Asker: 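Below you will find the structure I want to go over with you.
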Number of protein chains: 2
Amino acid sequence: MVVVESVEPEAADSGQSLAERLFVTLRGEIVDGSIPAGSKISEPELARRFNASRGSLREAVMRLESLGLLERRVNVGARVVDLSERGLLELYDVREALEGMACRLAATEHRGEDLLELRRMLAHHEQQEALQAGTAYYQPEGDFDFHFRIVQASNNDLLIDTLCNRLYYRVRMYRYQLGMFSPRAKSAFREHSNIIDAIEAGDGELAEILMRRHIRASRLNIEKKLTTER
Amino acid sequence: MVVVESVEPEAADSGQSLAERLFVTLRGEIVDGSIPAGSKISEPELARRFNASRGSLREAVMRLESLGLLERRVNVGARVVDLSERGLLELYDVREALEGMACRLAATEHRGEDLLELRRMLAHHEQQEALQAGTAYYQPEGDFDFHFRIVQASNNDLLIDTLCNRLYYRVRMYRYQLGMFSPRAKSAFREHSNIIDAIEAGDGELAEILMRRHIRASRLNIEKKLTTER
DNA sequence: GCCTCACAGATTGTCGACAATCTTGTTGTG
DNA sequence: CACAACAAGATTGTCGACAATCTGTGAGGC
């Protein structure tokens, strides 16, 4: 069954052009698994589905490719990347490096509004933790917001773009589809708190070290899970 | 005067499709400044120049955008990014983080062939240094090759892609057009040598520290130049 | 029985044309 | 004289069609 649907309006205002709306919509479906990892992308089929021309859809596909969510081979077509254990671990190493640097920069940039925002967010998370008694309080998006904000506070546009507009979509993809949100609720919360303290104190070196440990701990946690599961 | 030229054959074999050849050609011209930084990209004009359709050229333009070499605004068009002091310094911070991690990983991966290659390259550079008596021996590409190889040795595909297929084109753009190759010939050479030693010894922590210092030293050198120049 | 080759079908790459939008120069008004 | 509205020109976004290429199926030969 083929249902013709127009691009979601929520995605609509985020971009003026049809191609960009298609891009946003498809990106969402790839991230949450509606379009399964490893599956083939058929340009004609998707064009019909969204009632758009193949050209516009092609533009969206190419943007997805440069995001690293699709792999394209000439004269063959595009496939959604598949999720591998190796890919997930690689992602952690890159994040450790970049988010560590983001913390260092955020500490020296030291912009008041960002810090305030981080504190508010953490307080909000703490409330939720109290409510849900630490079982798995960290709804993935909460943790996500924290890291997102830290990066924004770095005030390095290249770093922000690399993490927020590229790598984080891949992170979300792994989280949604492999469900690897850590049950390290309490410790993660304390680590977040310590990181903010360091940033607030202007201690870039410490902030970087703490963030790197934080991410590495997540990575080790995942590694452990992966090895016990088999 | 408008000269119709076909895409360079050297770029031709690197990609099968016309759009990809256009992409490679344009990327080269943007990096070396043949297409000046900050200038506007006219799709019809370039399409005529390469005797291609606007569609194919558009695809190339979009790839350049996602490389960060062009900025596009809807219904307005694309411009080559302009080179700013801030952008250059941002690049150094990101490189410090990523190449530091690359060194750490290269040390633990420890693949024989990569190390051998690095040693050979360094020996080659040493020869050239002896010849040119350290005045500015490091032809930029020599230094470039070194960093490039290190990253390859990390064996982290995401890291390799981010640095070699994205950031390094921006690095080259700054080098070609601002001519900021460091005259830190001798010290840079020794630093490279020490980094390889650490990698060879399997000491990832040390390798990372040394690489980060190496890049930070370059950054400071540039900063000094920039401040004395005005 | 297995491998090679050719053919049909579908998909991708490329092209030119039309509609929507922005930029620029001009005109008119306070 | 400055500023705002308007019109001409060009550029971008979108579309449908044609040609080149790949995938998979089936026939034929060893």
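Below, chains carry the letters A, B, ... as their sequence lines are ordered, and counting in each starts from 1. Keep in mind it's a predicted model, so treat the numbers as computed, not measured.
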Asker: Any ion pair linking B:E59 and A:R58 (charged N to carboxylate O, less than 4.0 Å)?
Answerer: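 Salt bridge: yes.
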Asker: Could you list where the contact with chain A starts and ends along DNA chain C, reading 5' to 3', using a 4.0 Å heavy-atom cut-off?
Answerer: C:dT12 to C:dT14
Asker: Should the pair A:R79-A:E71 be classified as a salt bridge under the 4.0 Å nitrogen-to-oxygen rule?
Answerer: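 Between A:E71 and A:R79 there is no salt bridge, as every charged N stays at least 4.0 Å from the carboxylate O atoms.
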Asker: So that I can tick it off, tell me whether A:R49 and A:E45 are bridged by a salt bridge, with the cut-off set at under 4.0 angstrom between side-chain N and carboxylate O.
Answerer: no
Asker: Would B:R86 and A:D157 pass as an ion pair if we require N to O under 4.0 Å?
Answerer: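 Judged by the 4.0 Å cut-off on N to carboxylate O distance, B:R86 and A:D157 do form a salt bridge.
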Asker: Contact list please: residues 53-60 of chain B against DNA chain D, heavy atoms, distance less than 4.0 Å, in numerical order.
Answerer: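 DNA chain D contact set from residues 53-60 of chain B: B:R54, B:R58.
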Asker: Can you tell whether the side chains of B:E96 and B:R219 come within less than 4.0 Å, N to carboxylate O?
Answerer: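 Here B:E96 does not pair with B:R219 in a salt bridge, since their nearest N and O are not under 4.0 Å apart.
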Asker: In chain order, what residues pass the ring-ring contact (aromatic ring centres under 6.0 Å, His included) check against B:Y168, with sequence neighbours excluded?
Answerer: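 If we apply the ring-ring contact (aromatic ring centres under 6.0 Å, His included) test to B:Y168, skipping adjacent residues, the hits are B:F144.
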Asker: Return whichever of A:A52 or B:G77 has its heavy-atom-nearest nucleotide of DNA chain D closer to the 5' end.
Answerer: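 Nearest-nucleotide comparison on DNA chain D picks B:G77.
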Asker: Could you pick out which residue, A:R73 or B:P44, lies toward the 5' side of DNA chain D when each is mapped onto its nearest nucleotide?
Answerer: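 Its nucleotide being nearer the 5' end, the pick is B:P44.
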Asker: With the side chain counted from C-beta on, respond yes when B:M173 and B:V81 share a heavy-atom pair under 4.5 Å apart, and no when they do not.
Answerer: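 Yes, close enough: below the 4.5 Å cut-off.
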Asker: Inspect the contact between A:R63 and A:E20 and indicate whether a charged nitrogen and a carboxylate oxygen are less than 4.0 angstrom apart.
Answerer: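 Between A:R63 and A:E20 there is a salt bridge, with a charged N closer than 4.0 Å to a carboxylate O.
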